Each structure stands twice: as C-alpha cells, then as structure tokens.
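Heads up: the structure comes next, in structure tokens.
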Amino acid sequence: MHVYIEDIGKHEGEEITVKGWLYNKRSSGKVRFVLIRDGTGIVQSVVAKGDNDDKTFDAADRISQESSIILRGTVRKDERAPGGYEIVATDIEVLQLAQDYPITPKEHSIEYLLPLRHLWLRSKKQNAILRIRHELIKACRDFFDNRGFINTDTPILTPASVEGTTTLFPVDYYGDKVYLAQSGQLYNEATIGALGKVYCFGPTFRAEKSKTRRHLTEFWMLEPEVAFLDLDGVMDLAEDMTVFIVEQILNKKMTELETLERDITKLKKVKKPFPRITYKEAVTIIQEKCKDFKYGDDFGAPHETVISESHEKPVFVHHFPAGVKAFYMKRDPGDDSLSLSVDMIGPEGIGELMGGGQREDDYDTLLKRIKERKLPEDAYQWYLDLRKYGTCPHSGFGLGIERTIAWICGINHVRETIAFPRMLEKVYP
RNA sequence: UCCUCGGUAGCUCAAUGGUAGAGCAUCCGGCUGUUAACCGGAGGGUUGCAAGUUCGAGUCUUGCCCGAGGAGCCA
C-alpha cells in the first residue's frame, strides 16, 4: 500500500510502499541508512546486508542524492530514527539514478541557489516556507469567507494605473498598450457597489527598480474592500485578520515553524489590540533616532524599522499627510492636510505589511484630485461614476502576502516566500 | 540610478607581493545503528575578464563584467 511519509506513524508494523526521492544516505559497515523524502516528510529506511537479497542492498548502495525510488518495507518504531519511525526495507526500485545533484546537504550561497530555484524548492526549509504560504493564504480566504465577503477577482490587464505614477509593465493588446495590474483596489470599489463586501487576491506587478529584501516585481496581494466602513473600521478588520492568520499558522504549522527555527514566542504576542498611533506621533518616535526626519516626509525603510522595533505587535500608523498618499484617499474632515490612511508596520523590523484607508467618496472632490495630479480623466470615468450613483463611505486595504509570509516565517528576504520569485532583471527559472 | 562589499576546485571558504590549500561533493577502500556519520586514499584550478606596476601578482593600480547588501519608490 502506498503511504505518504507524513502518515507513516499510523502504519506501525505494516508492510508499506513509499515513493519519493533520496534525501541523503549514511552507512556503517554492512548497514545502509537511506533517507527518503516524498514532499510530505522525510523517513529513514534501513537496509542490512544479508537481511534481503543482494539486489536490495546493492540498490541502497548505488542510489545517489535525489534519485527517484519506490521503496517497500515494514514500518518500525525506533527512537534512533529521525522522526521516531523507520522502514525496514525489503525492496528498492530505482526509477532514475540522479547524477551529481548540484545542491548538497550543506550551506550554499544565494547566488548559487537562485538560478537553481527549481531544485532548491526540494530542500527542507523551502518546503516548510511553501507549506506555510499555502496555509496562510487559506487562512486569509477563510477569514473573509467566514465574514461573508465575496471573492471577486479583478483584472490583470488594465487600461491605466491606479496612481498613474508608479512604473508599470506594458503589454501589447491587439496593437494598444495596456498594463499589468498593480492593484485591484479600484475595481474592488466597483464590486462593493454590487456585493457590499469583497476581496480580491491575485498577482500584482510593479516595474520599479527596487532591489531590496522587501521587493518583488511580481507579488501577491490580498485586498478587501467594504462599503459603509470607515478608517477605524478598516483598522479593526486588519487587526482581526492578522490575529486570525497568525493563530491559524501557530495551530497548524508548528512542524514547519520548527524547521525554520522560528521564535514562536514572538508570534504568540500577536493579540488584540494593536497599537494605533497617528503619523504625527510616529514622527516624534522617529525623530528620537533619526534627527534629519521632518514632519511631512514619507517613511523610508529605516523609519519603518524604528516604528517596527518600538512595539512587539504590528503597529497601525494612521492620518498620513495627504501629499504622501494616493489621490483616492479621503481627507480628514477636521484637517484637510491629512488623509484617512493607514499603514500596518509589522514587528521585528519587517516593515510595512499593509496599506489602506478610507476612500474619497465625493464626486467633485475626487475629480479635483484627479486633475491636481494630472491623471487621465477619461480613464477614470467609470471610477467617478461610482461617486455619482449612490456613493457611500468605504474603506479597504492591501496586504502584501510575501512580506507577511517573510514575517511569520522569520526569514529576511521575500524571494524565499514564493516558488519562483521575479526580481529586478531576474526571471529565471 | 546611487552607495558599500564581494568574485580562488562542482560547492563553502583559506592563502605577509615569493611552489594555490582545506572541508564538503565525486571516485576507490574500511566499518552491522548511522544522525550534515566516521576513518584512509585518489582525481579535480586560465584565481570573473582585459591591461598595467614588479625579478615575481590570487594579493597592488586602472577599466570592464557579474553578484550580494542597502538607498530611493512601494505592499
């Protein structure tokens, strides 16, 4: 019977078959220890000379790292085996003998590993990260689905940019120029008119010349948008979601967090309420460390780090100066220089995880903003329509999935949080 | 685009301006409970490229190429 390695403990004493790849091999005299992985885990198998026919022992002797094999044997509990169980092999079938596998079980440099990403994914740590990514995305969807949100995916090919300024990837569309989406938010603002509360989750593209551990040119963003929700409401939503996803990962992915050697005491501190500070208060905190920072400046990476390290939980910074935020952000009715915007800065120096706020819902004001920033008015006609036919206060945010995974996994670069990262001038493999 | 650091064996790294080395991987041999096993042996090099200084350059100088980290911008 074919058994996946993660279920091996349920089959003690049984004759089973595992199918996978050779992870590593050790030997002592006439005993061979064969470590097999099948994607769900790693198990040790023992082959001793004389226990079986020579064919099985020779196969154990011959197989090389990452050779594909089908192994039959009996499951035995043994505390000397990693994982507590091992298979006493009776037969090893070698499907293909891999030669000179380039990633040996030792340390390698990032320069070496990145072009070998298609193979690097087989390693323990990368396997754990991708499993956590899967669970995190599932937790995000569950959170919104449980609250009656409708997943309404937004287009990837778009006629114009959200903010008009950020660099976009142009695509030829039957002779016209369209762009890969950098956000689904504007479309979400339309679908809330139909469905009330929605989210989209998909890839977004930014052709910025960013070369840092926080940037990918193709990354996944989760964007909820809710009609009749204000700034405080959107912070409540983001807070509830963050607490939920961290809880889910802690409940379901402990093995993977251990593989990653993540300090989970830090994740366990992610409970309500998160600190909420105004931009103005944040400036005071930043200026203690960064003397040259002026009120009105947008946060740079070092400034986010200061905020990030000032608390053990994610921190909401709200009411940014209108000038540093997008045209669609609603202004503070009490102070027109401020916007009803919010960023969530993750702890442990991870930086910005989420950005959002309350949207401008007045037709004339929005038109004024579009003109101020010299955006193509024609392209925004449909967007303006939303303020013409039953406008309402509404809010939403965008969560960067890769940054969130990096934070939860405790790894310092987003390139390891996606199977095939796309970075500045790097699209292989 | 800018700043900093780096490029030596398949990989990870060492080498006062004076014969280019180790560990791992590979191959051969040994060991009946290994835990990145261990022990013995072997093969493996245009020191990123080009020019220069020097009796002599992996090492010093200049230019170029490639990579990493960071900045700006952002999620």
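Atom set for the values below is all heavy atoms of this structure, side chains included, hydrogens, waters and symmetry mates excluded. Each chain gets a letter, A, B and so on, in the order the sequences are listed, and its residues count up from 1. Bear in mind that the values here come from a model prediction, so they are computed numbers and not experimental data.
Across all strands shown, nothing is found opposite B:A75 as a Watson-Crick or G-U wobble partner with both distances under 3.5 Å. Across all strands shown, nothing is found opposite B:A15 as a Watson-Crick or G-U wobble partner with both distances under 3.5 Å. Using the Watson-Crick or G-U wobble rule with both distances under 3.5 Å, B:G29 pairs with B:C39. Pairing for B:C2 is with B:G70, a Watson-Crick or G-U wobble pair whose two hydrogen-bonding atom distances lie under 3.5 Å. Base pairing of B:U8 is not made with any nucleotide, judged by Watson-Crick or G-U wobble geometry with both donor-acceptor distances under 3.5 Å. Using Watson-Crick or G-U wobble geometry with both donor-acceptor distances under 3.5 Å, B:G63 finds its partner in B:C49. Partner assigned to B:A57 is none, using Watson-Crick or G-U wobble distances below 3.5 angstrom. Nucleotide B:G44: unpaired (no Watson-Crick or G-U wobble partner with both distances less than 3.5 Å).
The base of B:C74 sits within donor-acceptor range of the side chain of A:H215, with an N or O pair under 3.5 Å. On a pure distance criterion of 3.5 Å, no polar donor-acceptor pair joins the side chain of A:R214 and the base of B:G72. The base of B:A68 sits within donor-acceptor range of the side chain of A:K211, with an N or O pair under 3.5 Å.
Rounded to an integer number of Å, the gap from NE2 of A:H108 to C1' of B:G23 is 13 Å. Rounded to whole angstrom, the span from the CG atom of A:L97 across to the P atom of B:U26 amounts to 12 Å. As rounded to whole Å, 15 Å separates atom C1' of B:A75 from atom NE2 of A:H413. The distance between atom CD1 of A:I110 and atom C1' of B:C11, rounded to the nearest whole Å, is 14 Å.
For A:F205 and A:Y179, the distance between ring centers is not under 6.0 angstrom.
Annotation: B:G58 and B:G18 have their P atoms spaced 10 Å apart (nearest Å). B:G56 sits 32 Å from B:C11 when the P atoms are compared, rounded to a whole Å. With P as the reference atom, B:G69 and B:A22 are 32 Å apart, rounded to whole Å. For the C1' atoms, the distance from B:U62 to B:A68 is 24 Å, rounded to whole Å. Comparing B:G67 with B:A51, their C1' atoms sit 23 Å apart, to the nearest whole Å. Across B:C2 and B:U59, the matching C1' atoms stand 29 Å from one another, rounded to whole Å. Nucleotides B:C5 and B:A9 have their C1' atoms positioned 24 Å apart, rounded to a whole Å. Comparing B:A36 with B:G23, their C1' atoms are spaced 12 Å from each other, to the whole Å.
If you check every strand for non-hydrogen atoms under 4.0 Å, A:T104 touches sugar and phosphate atoms only. Note on A:G300: only backbone sugar-phosphate atoms sit closer than 4.0 angstrom, heavy atoms only; bases stay farther off. At the heavy-atom level, A:L216 lies under 4.0 Å from base atoms of the strands shown. Nucleic acid contact for A:E223: none, since no nucleic acid atom lies under 4.0 Å from a heavy atom of the residue. A:Q99 comes within contact range of no nucleotide atom at all, as no heavy-atom separation falls under 4.0 Å. At a threshold of 4.0 angstrom between heavy atoms, the contacts of A:D78 include nucleobase atoms, whether or not backbone atoms are also involved.
Between A:D61 and the choices A:R32, A:K25, A:K49, the side-chain hydrogen bond (donor to acceptor under 3.5 Å, both in side chains) rule is met once, by A:R32.
A donor-acceptor contact closer than 3.5 angstrom links the side chains of A:S183 and A:E223. There is a side-chain donor-acceptor pair under 3.5 Å between A:D145 and A:Y199.
Of the listed nucleotides (B:G70, B:C73, B:G67), B:G67 has the atom at the smallest distance from the side chain of A:E111. Set against B:U26, B:A71, B:A68, the side chain of A:L114 has B:A68 as its closest nucleotide. For A:Q44, the listed nucleotide lying nearest its side chain is B:U34; candidates were B:A75, B:U34, B:U12. Distances were taken from every side-chain heavy atom of A:Y112 (C-beta onward) to each of B:C74, B:G10, B:U34; the shortest belongs to B:G10.
In this structure, the side chains of A:D297 and A:H303 stay at 4.5 Å or more apart for every pair of heavy atoms.
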Start with the C-alpha gap between A:W120 and A:Y112, add the side-chain angles, then the distance that decides, and say whether ring-ring contact (aromatic ring centres under 6.0 Å, His included) holds. CA-CA 10 Å; A:W120 183 22; A:Y112 184 72; over 10 Å; no
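Taking the six-membered ring where tryptophan is involved, the planes of A:H118 and A:Y428 are perpendicular, since the angle between them exceeds 60° and thus also 30°.
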